[in-house]
Amino acid sequence: MNLEQSLRTEIQKAVSVLFNQSVEQLQLQPTNAEFEGSHTLVCFPLTRISKLKPEETANAIGNYLVEYSGIVNHFNVVKGFLNLVIADKVWAEVFAVIYANKNYGSLPDNGKEIMIEYSSPNTNKPLHLGHLRNNFLGYSVAELYKAVGYTVHKVQIINDRGIHICKSMAAWKLYGNGETPESSGLKGDKLVGKYYVEFDKHYKAQVKELEEKGVSKEEAEKQAPIMKLAIDMLQKWEAKDAETVQLWKTMNGWVYSGFDVTYKRMGVDFDKLYYESDTYLLGKDEVLKGVEKGIFFKKDDGSVWVDLTDDGLDQKVLLRSDGTSVYMTQDIGTAILRFRDFPKIEGQVYTVGNEQEYHFKVLFLILDKLGYEWAKQCYHLSYGMVDLPTGKMKSREGTVVDADDLMQEMVDAARAQTQELGKVDEMTAQEIDELAEMIGLSALKFFLLKVDPKKRMMFDPNESIQLQGHTGPFIQYTHARIKAILRKASSLNIAPDAKVLKDVSALESAERAIIFKINQYPAKVQEAAREYSPAIIVNYAYELAKEYNQFYQAIPIFSESDAGKLKFRVAFSQTTADTIKKAMALLGIRVPERM
RNA sequence: GGUCUCGUAGCUCAACUGGAUAGAGCAGCUGCCUUCUAAGCAGCAGGUUGCUGGUUCGAGUCCAGCCGGGAUCACCA
């Protein structure tokens, strides 16, 4: 039983003894910094039971806890707030338990499985800033679910078919001269992206030319030879024309190898990939079955619809009048396929931008109507757009921030800063590279994860490159700093053991603050998983590091003469470093031994 | 227009789900490296939480109505 639970139990005991009534709900919160204590019981709601004034209620409970609980040393009351001061002996015991637990913060395997989808790019454009937020979020939520006991399957669906990739193919065929990633030295995804842009350029020129000849805009857009070629390729692809399929495979292959490089640097991975070319025909049977069951209906032109007006939504098309599938149909099929592939998963998390909220609302509703129990366990992890100081990212205006470029800039900035601070004197070139990589990516990930996922956020390149303050590098620095202490402790043969810890009394307030923080860690992990919010861990890690730095600055560890106390300080420095490392790992951020 | 969503310090974000005098970082100003790493610490300054009402012991948080951003309402994906 942890401290908070014990405290709640004791308070409930107090209430039932003092007021002869039981309560389940207690408002227990951290004490404001300005008052003495760590835990505060809000007593206003209890006045109904106590029939006393808030202050009197608080005093009565406080006295009882000091007398009987064995946890509370003393207390103070401000208005209806009962501020409790936990006995140092209890803190020491709490810490001793944490110190001995190697898996602190992780729950044991709960036998449940969950699927998390993220990234899911198109194959015609390189990954950009928006994908970075998506990937970091999805990866982190997966780590959070692992930490609370789930087996997690990370997947993505790659949008590898359709007119967009045919556009790149058409442009490459016309203007590529056989260019390959090898011959050009370009990353595969960049090469294909280049031809997508190329397509657009020529297409616009051709449309303009036709218009100048007196063709209407609408007609010109249809007649532009390059567009005709792209459409022709799409039809050939669907007819499984060998040459077209081969080109498609080749160019997508380039994209995948390019993406792999980017994913690797980002530090994300996937357990299974779904390709839209495999799944785009799925779902149709399911929809037709739905028609038979009367869940969906057919219009006179043959198109199939679902009526969601009773649920406050619209009617939505599921099959076109020519019988072909739409986006929604595919997603229905893919969802069902995934539950067949992984029968044990209890639900799916879709990490997709909030512009698709309506789509997923409809999707989950349809799956529910089709009778799939798991539909209720599907969750759209909807995140807000990333804005630039100049406004929205627009590919047409060339304001898209490329993922590879950005990561490189961050790493370069980290290297420059590290060198400027003179931290690299004793490092090899390889060590410097590794450190710069770690720091640069930490700054980026921390920056993108610190905001509540649901909210739209601002990405200011100048601010993101900051390595001081509320940043990943600040936390990494704290970790490295603690490691330096531990190295010194080890060289002095100071080895803490759990037995000594319990005997420590008279803690400094900075020490209590850190133990209090460390003690919160498991609850924070669970909250973050429940809320699908890595931002909770980001802020937790920051607060813990901040707390430690205050201690570090205020109390010189090795000047302590009491051997027990010295060991205690080394021990909780160790645990702080471990907790920082674990928390950062949940965010996909590594921490260095020195920096 | 319907639906959803956001609005907190000059800027970027918090606020434990209704609790105390709304907190951090950046930017600005003051201090602190002969002691474990100054990518740090301590401090100053900065707020009518978009506006107006309501609910109650208590509202940034809940409700209503305005004002202002954004998203979405395709036989596109």
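Quick caveat: nothing in here was measured; it's all calculated off a predicted structure. Per chain, numbering begins at 1; letters A, B, ... match sequence-line order. As a basis for the values below, the full set of heavy atoms in this structure was taken, side chains included, without hydrogen atoms, waters or symmetry mates.
Contact of A/Asn32 with B/A15 (side chain to base): no donor-acceptor pair of N or O atoms is detected under 3.5 Å. Between the base of B/A39 and the side chain of A/Thr471 there is no donor-acceptor pair shorter than 3.5 Å.
Using P as the reference atom, B/U8 and B/U52 are 16 Å apart when rounded to the nearest Å. The P atoms of B/U12 and B/A74 are separated by 33 Å, rounded to the nearest whole Å.
In this structure, A/Phe360 has its ring center at least 6.0 angstrom away from the ring center of A/Tyr379.
Heavy atoms of A/Lys524 sit nowhere under 4.0 angstrom from any nucleic acid atom. Across all strands, A/Glu355 comes closer than 4.0 Å only to sugar-phosphate atoms, never to a base (heavy-atom distances). Among the heavy atoms of the strands lying under 4.0 Å from A/Ile555 is at least one base atom, whether or not backbone atoms are also near. Using a 4.0 Å heavy-atom criterion, one finds that A/Asn122 contacts no nucleic acid atom at all. When heavy atoms are screened at a 4.0 angstrom cut-off, A/Lys455 is found touching the sugar-phosphate backbone but no base atom. Among the heavy atoms of the strands, none lies under 4.0 Å from A/Pro592. Base contact: A/Phe558 has a heavy atom under 4.0 Å from a base atom. Residue-level contact check: A/Glu276 touches the backbone only, with heavy atoms under 4.0 Å from sugar-phosphate atoms and none from bases. Using a 4.0 Å heavy-atom criterion, one finds that A/Met457 contacts the sugar-phosphate atoms exclusively. Heavy atoms of A/Ser573 sit nowhere under 4.0 angstrom from any nucleic acid atom.
The glycosidic torsion of B/C33 lies within 90° of 0, which places this base in the syn conformation. Base orientation of B/U17: syn (glycosidic angle within 90° of 0).
With respect to the salt-bridge test (charged N to carboxylate O, under 4.0 angstrom), the residues A/Glu437 and A/Arg415 do not qualify. For the pair A/Lys517 and A/Glu547, the salt-bridge criterion is not met [side-chain N within less than 4.0 Å of a carboxylate O]. Salt-bridge annotation for A/Arg512 and A/Glu508: absent, with no side-chain N of the basic residue lying under 4.0 Å from a carboxylate O of the acidic one.
Here A/Arg48 does not reach the OP1 or OP2 of B/U56: none of its side-chain N or O atoms lies under 4.0 Å away.
Both geometric conditions, a ring-centre gap below 5.5 Å and a plane tilt below 30°, are fulfilled for A/Phe35 over the base of B/A20. Stacking is not found between A/Tyr477 and the pyrimidine-like six-membered ring of the B/G40 base under the 5.5 Å centre-distance and 30° plane-angle cut-offs.
As a whole-Å value, the separation of A/Met328 CE from B/C76 P is 13 Å. Straight-line distance from the NE2 atom of A/His470 to the C1' atom of B/C41: 18 Å, rounded to whole Å. Between the CG atom of A/Asn354 and the P atom of B/C73 there is a distance of 12 Å, given to the nearest Å. Straight-line distance from the CG atom of A/Leu46 to the P atom of B/G19: 15 Å, rounded to whole Å.
The two residues A/Glu276 and A/Asp160 come nearest to each other via the heavy atoms N-OD1, 3.4 Å.
Considering only heavy atoms from C-beta on, A/Phe558 comes within 4.5 Å of A/Ile485 through its side chain.
Comparing A/Val317 and A/Ala480 by the nucleotide of RNA chain B whose heavy atom lies nearest to each, the residue mapping closer to the 5' end is A/Ala480.
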